[in-house]
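Predicted model only: the values in this text are computed from it and were never measured. All heavy atoms count here, side chains included; hydrogens, waters and symmetry mates do not.
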Amino acid sequence: MGRLFLLTSLVLALFFTVPAFPQEQHRNPDRIVGKWITEKKNLIVEVYKQNHKYKAKIVWFDDTDNLSRPAEMRRDDQNPDPALRQRKILGLEILKLLEFNKESNSWEDGVIYDALTGKEWSSYAFITNKGLLRVKGYWRFKIFSKSVDFMPVK
């Protein structure tokens, strides 16, 4: 009985003396700000904060699929709005309106734009246990989603 009491006391002492900083860092909403590259290493986005919401824009992509059309020349030609089809893909805002939810420790209520199809989807994002930024796009229900994982650019 004495050993159980001693073990319990040690566990409680450790629990209450662990600094709160790592927990606060884990819940830091700005930790997604910066540059992220897809696991396939074919796209880099820059996440930034504007008016308490998070956005992302394309800053680089692999254009080796068609060397006659370098990245600087590519346009948003799949956009359903003809007036927007001349926008450059480089610098294009593809994620907007994300808000940090501290209860779920994720960024929610966003909109993601798929320049390949010209469609917008609802979106949310979170940091995985491996430190990847997982961005999910969905239509109506989160269960029916597609995701892309990004690694931080060092």
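V153 and V135 end up in different hydrophobic clusters when Ile, Leu, Val, Met, Phe, Trp and Tyr side chains are linked at under 4.5 Å. Residue W36 is grouped with residue V33 when hydrophobic side chains (ILVMFWY) are merged at heavy-atom distances under 4.5 angstrom, including chains of intermediate members. There is a path of hydrophobic side-chain contacts, each under 4.5 Å, that joins V148 to I94. Y48 is not connected to I112 by any chain of hydrophobic side-chain contacts under 4.5 Å among Ile, Leu, Val, Met, Phe, Trp and Tyr, and they are in different clusters. A continuous path of hydrophobic side-chain contacts links Y113 to L43 [ILVMFWY only; heavy atoms under 4.5 Å].
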Report all side-chain donor-acceptor pairs from residues 55-63 shorter than 3.5 Å, counting only partners two or more places apart or in another chain.
residue, atom, partner, partner atom, Å
K55, NZ, Q50, OE1, 2.5
D62, OD1, T64, N, 3.0
D62, OD1, T64, OG1, 2.7
D62, OD2, T64, OG1, 3.3
D63, OD2, A71, N, 2.7

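Residues forming a side chain to side chain contact (heavy atoms under 4.5 Å, CB included) with K41 (at least two apart in sequence, or on another chain): I37, M151. N51 is linked by a side-chain hydrogen bond (donor to acceptor under 3.5 Å, both in side chains) to nothing, counting only residues two or more places apart in sequence or in another chain. Under the salt bridge (Lys or Arg N to Asp or Glu O under 4.0 Å) criterion, D109 pairs with no residue at all, not counting sequence neighbours. Under the side-chain hydrogen bond (donor to acceptor under 3.5 Å, both in side chains) criterion, D30 pairs with K49, Y54, sequence neighbours left out. Residues passing the salt bridge (Lys or Arg N to Asp or Glu O under 4.0 Å) test with R85, sequence neighbours excluded: none. With sequence neighbours excluded, the residues satisfying side chain to side chain contact (heavy atoms under 4.5 Å, CB included) with S104 are N101, S106, E108. With sequence neighbours excluded, no residue forms a salt bridge (Lys or Arg N to Asp or Glu O under 4.0 Å) with E46. Here R134 pairs with D149 under the side-chain hydrogen bond (donor to acceptor under 3.5 Å, both in side chains) rule; sequence neighbours left out. With sequence neighbours left out, D81 forms a side-chain hydrogen bond (donor to acceptor under 3.5 Å, both in side chains) with no residue at all.
In plain terms, the two heavy atoms of W107 and L98 that are nearest each other are O-CD2, 3.6 Å. The two residues K136 and S147 have their closest heavy-atom pair at CG-CB, 3.5 Å. Among all heavy-atom pairs drawn from P80 and P82, the shortest one is O-CD, 3.2 Å.
Listed by first then second residue, pairs satisfying side-chain hydrogen bond (donor to acceptor under 3.5 Å, both in side chains) with a partner in residues 117-127 read D114-T117, not counting sequence neighbours.
In the displayed structure, K35 atom NZ is contacted under 6.0 Å by at most 12 heavy atoms of other residues, nucleotides or ligands. Atom NZ of K142 sits in a crowded spot, with more than 12 heavy atoms from other residues, nucleotides or ligands closer than 6.0 Å.
Think of I143 as one node in a network of Ile, Leu, Val, Met, Phe, Trp and Tyr side chains linked at under 4.5 Å; its network also takes in F141, F144.
In this structure, CG on N105 lies 8.5 Å from CD1 on I127, to the nearest 0.5 angstrom. Taking NZ from K53 and CG from L95, the interatomic distance works out to 12.5 Å, rounded to the nearest 0.5 Å. To the nearest 0.5 angstrom, R75 atom CZ is 6.5 Å from Q86 atom CD.
Checking side-chain atoms of R69 against main-chain N and O of N66 turns up no donor-acceptor pair under 3.5 Å.
Contact check on R87 versus D77 returns no salt bridge, with no Lys/Arg side-chain nitrogen under 4.0 Å from an Asp/Glu carboxylate oxygen.
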TODO: For side chain to side chain contact (heavy atoms under 4.5 Å, CB included), just list the numbers for L92 and L90, CA-CA rounded to whole Å, side-chain angles, deciding distance to a tenth of an Å, and then say yes or no.
DONE: CA-CA 5 Å; L92 184 66; L90 284 177; over 6 Å; no
